[in-house]
Number of protein chains: 2
Amino acid sequence: MIKNIDKYCKDNNIKLTPVRLKVLELLQNEKCGLGAYRILDLLRDAGFNSQPPVAYRALDFLVEHGFVHKIESQNSFVACTDPGAHHSPVFMICKKCDSVSEAPASATASDLSEALMATGFKVEQTIIEAEGVCSTCADT
Amino acid sequence: MIKNIDKYCKDNNIKLTPVRLKVLELLQNEKCGLGAYRILDLLRDAGFNSQPPVAYRALDFLVEHGFVHKIESQNSFVACTDPGAHHSPVFMICKKCDSVSEAPASATASDLSEALMATGFKVEQTIIEAEGVCSTCADT
DNA sequence: ACTGTAATGTTATATTATATCATGAGGTTT
DNA sequence: AAACCTCATGATATAATATAACATTACAGT
């Protein structure tokens, strides 16, 4: 996973520096969203500088390049499960276990853009988050 | 508009107190989302107590009863344009003029719930926000 | 009048995010 | 190699958003 991203960065001449890589790894190891200050703590544990801008800069970079998504309803961040692909993700947020999953490619975002076009609104980006109960938690 | 909400409150035995009503009116007079601290300023201007909990409590109440929606990507609030109706709103956020409009009833949210059900996820609530350019701004 | 519940007042603090200016690291131009 | 440019990082301060906790008041039902 990191492999692909690393290659993507080299190909596009963008730099996955140590702190950026570390943040990405931290997020990839989590099934829940992490807040910037949680990430900051984990960075400190890993021996990095831990002032807020450090985390926010790394997150800005990762989000900008599509390696990480921000979950707006939680002010948290998750690793992208399909990095490189330009997409309009849909997130499933479980209120029992807090897990955040990116929904497998769905037509929702494009349907939405089309539907809104009828109102004269030109969609550039969509934020779609669903709160509910994941299949694992539903079973218990 | 306030009329209907007032009636709804009486019918359901919930209280639209002065500060709650004022916040609702402030939001109804705006086409953009307002942040809690902006609302707080406006409350102060109107002679109300202006400690943060005042605004947040009023907003909590209004959101809970569906009179106001929170725009998660902006940490702002807008008046509901179809209060009383239990719905899954879709918002159109214009990046030029900052206006926030609630999309006329769309199938998007229910389509989404259905699509995600296939993954085993049980949707309870959806957050759908589209960023782009409104028809007014597109014309200029 | 008594009591229970919801609303408001008040103070303090937690959480999330950014502005600003200084320093460093690595290319590339001369 | 020196000068320069750009991007990344270091460091300090502060802004913006949100809630905890406890005291007081208002008011309906008994």
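So that the names make sense, note that chain A is the first sequence line, chain B the second, and so on, each numbered from 1. When reading the values below, keep in mind they use all heavy atoms of this one structure, side chains included, and skip hydrogens, waters and symmetry mates. In this text, all values refer to a predicted model and were calculated from it rather than measured experimentally.
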>> Rounding to an integer number of Å, can you tell me how far N75(B) CG sits from dT15(C) P?
In response: 16 Å

>> Please report the distance, rounded to the nearest Å, between CG in L59(A) and C1' in dT18(C).
In response: 14 Å

>> List the residues meeting ring pair (Phe, Tyr, Trp, His ring centres under 6.0 Å) with F48(B), not counting sequence neighbours, and say none if there are none.
In response: none

> Quick one: ring pair (Phe, Tyr, Trp, His ring centres under 6.0 Å) partners of F77(A), sequence neighbours excluded?
Replying inline: none

>> Just to be sure I understand the geometry, which residues of residues 4-42 of chain A put a non-hydrogen atom under 4.0 Å away from DNA chain D?
In response: T17(A), V19(A), R20(A)

>> E124(A): which residues meet the side-chain hydrogen bond (donor to acceptor under 3.5 Å, both in side chains) condition with it, sequence neighbours left out?
In response: K95(B)

> Between dC21(C) atom P and R57(A) atom CZ, what is the distance in whole Å?
Replying inline: 14 Å

> dT20(C) P sits how many Å from Y56(A) OH, rounded?
Replying inline: 18 Å

Show every donor-acceptor pair shorter than 3.5 Å between a side-chain atom in residues 131-140 of chain B and any protein atom, with sequence neighbours excluded, or say none if there are none.
{"from": "T140(B)", "atom 1": "OG1", "to": "C137(B)", "atom 2": "O", "distance (Å)": "2.8"}

> In residues 47-54 of chain B, which ones come under 4.0 Å of DNA chain D, going by heavy atoms?
Replying inline: P52(B), P53(B)

>> Once side-chain hydrogen bond (donor to acceptor under 3.5 Å, both in side chains) is applied, do any residues pair with Q74(A), and if so which ones, sequence neighbours excluded?
In response: S76(A)

> Can you tell me how far C1' of dA17(C) sits from CD of E72(B), to the nearest Å?
Replying inline: 16 Å

>> Looking at every heavy atom in both C80(B) and E102(B), which two are closest together, and how far apart are they?
In response: CA-OE1, 3.6 Å

> Charged N to carboxylate O below 4.0 Å: is that the case for K3(A) and D6(A)?
Replying inline: no

> Which two nucleotides bound the region of DNA chain D that has atoms under 4.0 Å from heavy atoms of chain B, read 5' to 3'?
Replying inline: dT17(D) to dA21(D)

> Considering residues at least two apart in sequence or located in another chain, which fulfil the ring pair (Phe, Tyr, Trp, His ring centres under 6.0 Å) criterion with Y56(B)?
Replying inline: none

> K15(A): what forms a side-chain hydrogen bond (donor to acceptor under 3.5 Å, both in side chains) with it, not counting sequence neighbours?
Replying inline: none

> Remaining members of F121(B)'s ILVMFWY cluster at a side-chain heavy-atom cut-off under 4.5 Å?
Replying inline: V90(A), M92(A), L112(A), L116(A), F121(A), V123(A), I128(A), V90(B), M92(B), L112(B), L116(B), V123(B), I128(B)

>> Could you work out, with side-chain hydrogen bond (donor to acceptor under 3.5 Å, both in side chains) as the rule, every residue matching S106(B), not counting sequence neighbours?
In response: T108(B)

